[in-house]
Each structure stands twice: as structure tokens, then as C-alpha cells.
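Below: one structure, written as C-alpha cells.
Letters go in sequence order (proteins before strands), and every chain restarts at 1.
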Amino acid sequence: MPEMPEVETIRRTLADKVEGRKIIRVDIGLPRLVKWPTAPEFQAILTDRTIRNLARRGKYLLFYLDNNFVLVVHLRMTGRLCYITPETKQDKFTHILFNLDNGDTLLYADTRTLGTLYLMPEEELWRIAGLSSMGPEPLSAEFTVEYFTDMLSKRQAKIKSVLLNQKLVGGLGNIYVDEALAIACIDPERIAKSLTTQEVRYLHQAVNQVIADGIAHGGTTFRDYRDGVGQSGSHQRYLQVYGRTNEPCQRCGGLIARKEVAGRGTHYCPNCQK
DNA sequence: CTTCACGCCTGTCAGC
DNA sequence: TGCTGACAGGCGTGAA
């Protein structure tokens, strides 16, 4: 499901509601979603803990608790976190409930059940490989043109697969990669190190732009994605190529095409993207 | 080390 | 209507 703009939107919509709240009980319907520690330990450690702060790194959400533990959630394809009151209708695919001290509930729902939850002391977060090995995020101080240029110059893989690699750039997923490549007019199958200095500059700018726009629009709701209070995003209205197969390119009027690149459905304009 | 195919799960949708 | 196959926003693993 969600990429960095969606996860950031969830963080923003949840933070005010959960920060300062105490978790009074955890109900787990599908224990295998809890990757660490065991589900009973997960429940026991979380019970009576207060959420101090809700942070994000790439596509991970991090709930910092008052006992130095951190609840880490990765939504993968269809995970959802939703803050509900007793009157709110509960999501059909709810698997975990975090019951709060004000009577409200933070729920974790997931149709494909590919999401993952962890709970560990802050100093052990490095054990989560995807978190500790993550590359710089778009819009961050570390994501410089110099870093991007140097990184791409060492890569023999297709540019699409490089941009999807979280170790190299943190937070991009299939939608925003297709969009960034469309904005920068670069063919997704180009070998990363073959990009010219100018193309690298355009692409760097395009990556930052699609992520900033995605956040500004509250994320892209293509099917499952909802924010922390159940609302859809609106960035789907602004997409140039993703999900627009056989529709006209807004730049040249030619038809948007779809093919498989790096094992992922890929949308692009064969006329504009070289 | 880099790159890629595959598996994990379940739901939806197009086509027959 | 019912069935089948393709496809779905991610990532860890293992093989080449």
C-alpha cells in the first residue's frame, strides 16, 4: 500500500490523537503479524505504556513509548492504522487493537496480512535490517544531488529498480518512482550509470517534487490507502502516468504504456521518456 | 557485491 | 452467473 507520502500522512493524522495516550490493553487476532517479540510478550510490554512520540523513517512508523521501547509498524501492501472512537465502524480486516485510556482505539487492519510489527528497546532498533540499512530520504538534508549522482554512477541496474531499492533511496515505491521518471522524461529501463549530469539533476528534482506533492495532497488513494482517521488522499488526481495506461500523455498527447520493469507494473510515456 | 526471480497473502477485476 | 488468470502501492531470501 503506502509509500513515504502516505506513511507521513498517517503519521500526521495520528500524532495529535495518540501522543500522550496510554495503551490500556492490546488485542491480537493474528499473532503472526508480530515479528518480534512473541505476541504475548508484545501485549505485556505494551500494556500501561504511554505513547510519547510518533515518528517515521522511510515507510516505517515508530511509536516511542515511555519505557524506552519503540513500537515499529510497516504497512507493506495493504496495512492500515486507524484511530477510531467507540461509535466508529470497525474495519472488516482488523487484526490488532490498541485500546487507549480515553476509550478510543488505534486499530491495525490488513487485507493481505503482509504487514509487520515489532517492539524493542530503542537501542536495538538496528536489528530491523530494513530500518538500519535505509538510504537517505527524498527532501532530507542527506539526499543531495552529490549523493544521488555518486550513487547512480555506481549502479548497473535499471533506474527504476535503483529508485525502488530502499538501501539507496528510502521511501519511494512503485507509484512515485513511475511519476518521478515521467516528470524527468527518463525511460524506466535506462541503466542508472548511463544518466547524464543533467538527467540526474532533473530526476533528483522530480523525486523531491513528487514526494512533496504527494504529502501536500495527503497521499495517493488508488485502492486501499486511508490516512490515520480513515480519509482518502487526493494525489491520484495529479498522477501523470501511474494507472493511466492507454490514456493520453499530458505532455505530448501520445498514449501512456504499461510494461513490466524490475518485476513491477510500470507506466510511462514511450514518446516522452527516453 | 550486485541483480533478479520468487514467495508471502487475499481481494478485485476483466474476459470468457 | 461462475470460473480463471492477471494484477495489486513491499520487501526478505536465496541463487546466479
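Geometrically, K17(A) engages Y83(A) in a cation-pi contact, judged by NZ or CZ lying under 6.0 Å from the ring centre and within 45° of the ring axis.
Taking atom NZ on K154(A) and atom P on dT3(B), their separation rounds to 12 Å, with Å as the unit. As a whole-Å value, the separation of M77(A) CE from dC7(C) P is 13 Å. Taking atom CZ of R76(A) as the reference point, atom P of dC8(B) lies 14 Å away to the nearest angstrom. Atom CG in L172(A) sits roughly 10 Å away from atom P in dC11(C) (whole-Å rounding). Taking atom CE of residue M4(A) and atom P of nucleotide dC11(C), one finds them 13 Å apart after rounding to whole Å. Across the protein-nucleic acid pair, R80(A) atom CZ and dG9(C) atom C1' stand 13 Å apart, rounded to whole Å. Between K167(A) atom NZ and dC4(B) atom C1' there is a gap of 13 Å when expressed in whole angstrom units.
Regarding contacts with the backbone of dG11(B), every side-chain N or O of K92(A) stays at 4.0 angstrom or more from both OP1 and OP2. An OP1 or OP2 oxygen of dG9(C) is reached within less than 4.0 angstrom by no side-chain nitrogen or oxygen of R223(A). In this structure, S161(A) reaches the dC4(B) phosphate: one of its side-chain N or O atoms is under 4.0 Å from OP1 or OP2. For dG10(C), neither phosphate oxygen OP1 nor OP2 lies less than 4.0 angstrom from any side-chain nitrogen or oxygen of Q166(A). At the phosphate of dG10(C), neither OP1 nor OP2 sits under 4.0 Å from any side-chain N or O atom of H74(A). Phosphate contact (OP1/OP2 of dA8(C), side-chain N/O of R112(A), threshold under 4.0 Å): absent.
Considering only the side chain of Y60(A), dG12(C) comes nearest among dG11(B), dG12(C), dC8(B). Distance from the side chain of L114(A) is smallest to dC9(B) among dC9(B), dG9(C), dT3(B). The listed nucleotides are dC9(B), dG9(C), dC7(C); the one nearest the side chain of R258(A) is dC7(C). Of the candidate nucleotides dT3(B), dG10(C), dC4(B), dT3(B) has the atom lying nearest to any side-chain atom of R155(A). With distances taken from any side-chain atom of F93(A) to the nucleotides dA8(C), dC9(B), dG11(B), the minimum falls on dG11(B). Nearest nucleotide to the side chain of R32(A), out of dC11(C), dC9(B), dT3(B): dC9(B). When distances run from any side-chain atom of A157(A) to the nucleotides dG9(C), dT3(B), dT10(B), the shortest one goes to dT3(B).
Among the atoms of the strands shown, base atoms are found under 4.0 Å from some heavy atom of T220(A). Within the 4.0 angstrom heavy-atom criterion, no nucleotide atom of any strand lies near Y176(A). If you check every strand for non-hydrogen atoms under 4.0 Å, G130(A) touches sugar and phosphate atoms only.
Comparing dC9(B) with dT4(C), their P atoms are spaced 22 Å from each other, to the whole Å. Between dT3(B) and dG9(C), the distance separating the two C1' atoms is 22 Å to the nearest Å.
With a 6.0 Å radius and a threshold of 12 heavy atoms from other residues, nucleotides or ligands, K92(A) has its NZ atom at or below the threshold.
With a 4.5 Å cut-off on side-chain heavy atoms, T220(A) and E6(A) count as touching.
The nucleotide dG11(B) finds its pairing partner in dC7(C), both defining distances of the Watson-Crick or G-U wobble pair being shorter than 3.5 Å. Shown here, dT2(B) forms a base pair with dA16(C); the pair counts as Watson-Crick or G-U wobble because both key distances fall under 3.5 Å.
Formation of a donor-acceptor pair under 3.5 Å by the H74(A) side chain with backbone atoms of R76(A) is found in this model.
N68(A) and E123(A) form a side-chain donor-acceptor contact under 3.5 Å, judged by distance and modelled atom types alone.
Nearest heavy-atom pair across P188(A) and T266(A) is CG-CG2, 3.6 Å.
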